[in-house]
Asker: 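Mind looking over this structure? Questions follow.
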Amino acid sequence: MTSDVINGEKVHNIDHASGAAITQEASLAQSDYAAGNKVQAANDLQQAAVAIANGVQAGTIAQDEGAVLQSDLSVLASALNLSSAAIPPSVTTTTLLPTTTTTTIPTGPGNGNGPGNGNGLGIGNFGGNGSGN
């Protein structure tokens, strides 16, 4: 795996930061496995798989180089008896679409047909007709 990362960097199919992250995680996986920590070794392999997937998605690792590195990682995981750890986790992408808000601002005065609020005393017939109305 390390030689494929170095060769990929030489021909600019992989950026140095991605290559360093992948080789570091692969090395950690080997060390953790040798120390008997299989859970951490599996986690290291997952981190390497994520670094490969993210690099390919971001364009810092060429598609074909990503396939080579993923294959190398699978071979390493099999050698450590942790095959499933080399599979990158599913990635869900959410795309937010822009929204448009339209605001209509009235121009000029209204038509005068709405209810009014009066302040006057008004004149009315409050006398009634004696029938209780």
Side-chain angles (χ1 to χ4, degrees):
M1 173 173 267
T2 302
S3 63
D4 284 334
V5 169
I6 292 169
N7 290 333
E9 287 178 1
K10 283 181 183 177
V11 296
H12 304 288
N13 282 345
I14 181 172
D15 73 317
H16 179 70
S18 296
I22 294 163
T23 54
Q24 178 183 7
E25 294 297 338
S27 295
L28 286 172
Q30 292 172 336
S31 298
D32 287 331
Y33 185 83
N37 192 347
K38 291 182 181 181
V39 172
Q40 187 57 49
N43 185 49
D44 298 333
L45 292 171
Q46 272 286 297
Q47 293 303 312
V50 167
I52 294 168
N54 287 345
V56 170
Q57 185 177 16
T60 57
I61 298 175
Q63 287 278 351
D64 57 341
E65 191 70 35
V68 168
L69 296 175
Q70 186 60 51
S71 176
D72 290 345
L73 189 63
S74 293
V75 169
L76 174 60
S78 292
L80 299 178
N81 202 22
L82 298 169
S83 297
S84 63
I87 301 168
S90 299
V91 177
T92 302
T93 304
T94 303
T95 304
L96 300 177
L97 300 175
T99 58
T100 303
T101 303
T102 304
T103 303
T104 304
I105 299 173
T107 57
N111 64 12
N113 292 329
N117 294 322
N119 292 324
L121 292 175
I123 300 173
N125 182 359
F126 296 104
N129 62 11
S131 64
N133 290 336

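Quick caveat, the model's predicted, so the values are computed rather than measured.
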Asker: Any chance you could measure Leu45, atom CG, to Gln47, atom CD, to the nearest 0.5 Å?
Answerer: 10.0 Å

Asker: Going from CG on Asp44 to CD on Gln24, what distance comes out if it is rounded to the nearest 0.5 angstrom?
Answerer: 9.0 Å

Asker: Would you name the heavy atoms of Ile61 and Gly66 that are closest together and state the gap between them?
Answerer: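 Taking every non-hydrogen atom into account, CG2-N, 3.6 Å.
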
Asker: Once rounded to the nearest 0.5 Å, what's the spacing between atom OG of Ser31 and atom CG of Asn37?
Answerer: 11.0 Å

Asker: For Leu82 and Ala41, work out which heavy atoms get closest and say how close.
Answerer: CD1-CB, 3.8 Å

Asker: Is Leu69 close to Ile14 at the side-chain level, that is, under 4.5 Å between some pair of heavy atoms?
Answerer: yes

Asker: How long is the span from the CG atom in Asp32 to the CD atom in Gln40, to the nearest 0.5 Å?
Answerer: 5.0 Å

Asker: Out of curiosity, Ile52 CD1 to Gln57 CD, how far, rounded to the nearest 0.5 Å?
Answerer: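 Ile52 CD1 to Gln57 CD: 14.0 Å, rounded to 0.5 Å.
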
Asker: Taking the side chain as every heavy atom from C-beta outward, state whether Leu73 and Met1 have any atom pair closer than 4.5 Å.
Answerer: yes

Asker: Looking at residues at least two apart in the chain, or sitting in another chain, which of them share a side-chain contact (heavy atoms from CB on, under 4.5 Å) with Ser74?
Answerer: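 With neighbours one apart ignored, the set is Gln70, Ala86.
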
Asker: Check the pair Glu9, Asp15 against side-chain contact (heavy atoms from CB on, under 4.5 Å), reporting the backbone distance first and the verdict last.
Answerer: CA-CA 6 Å; Glu9 287 178 1; Asp15 73 317; over 6 Å; no

Asker: To the nearest 0.5 Å, what is the distance between CG (Asn81) and OH (Tyr33)?
Answerer: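 Interatomic distance, Asn81 CG to Tyr33 OH, rounded to 0.5 Å: 5.5 Å.
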
Asker: Do Asn7 side-chain atoms and Ser3 backbone N/O form a donor-acceptor pair below 3.5 Å?
Answerer: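 At least one qualifying donor-acceptor pair exists.
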
Asker: Is there a chain of hydrophobic side chains (I, L, V, M, F, W, Y, each step under 4.5 Å between heavy atoms) that links Val68 to Leu76?
Answerer: no

Asker: What pairs with Thr2 under side-chain contact (heavy atoms from CB on, under 4.5 Å), at least two apart in sequence or on another chain?
Answerer: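 Thr2: side-chain contact (heavy atoms from CB on, under 4.5 Å) contacts with Ile6, Thr23.
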
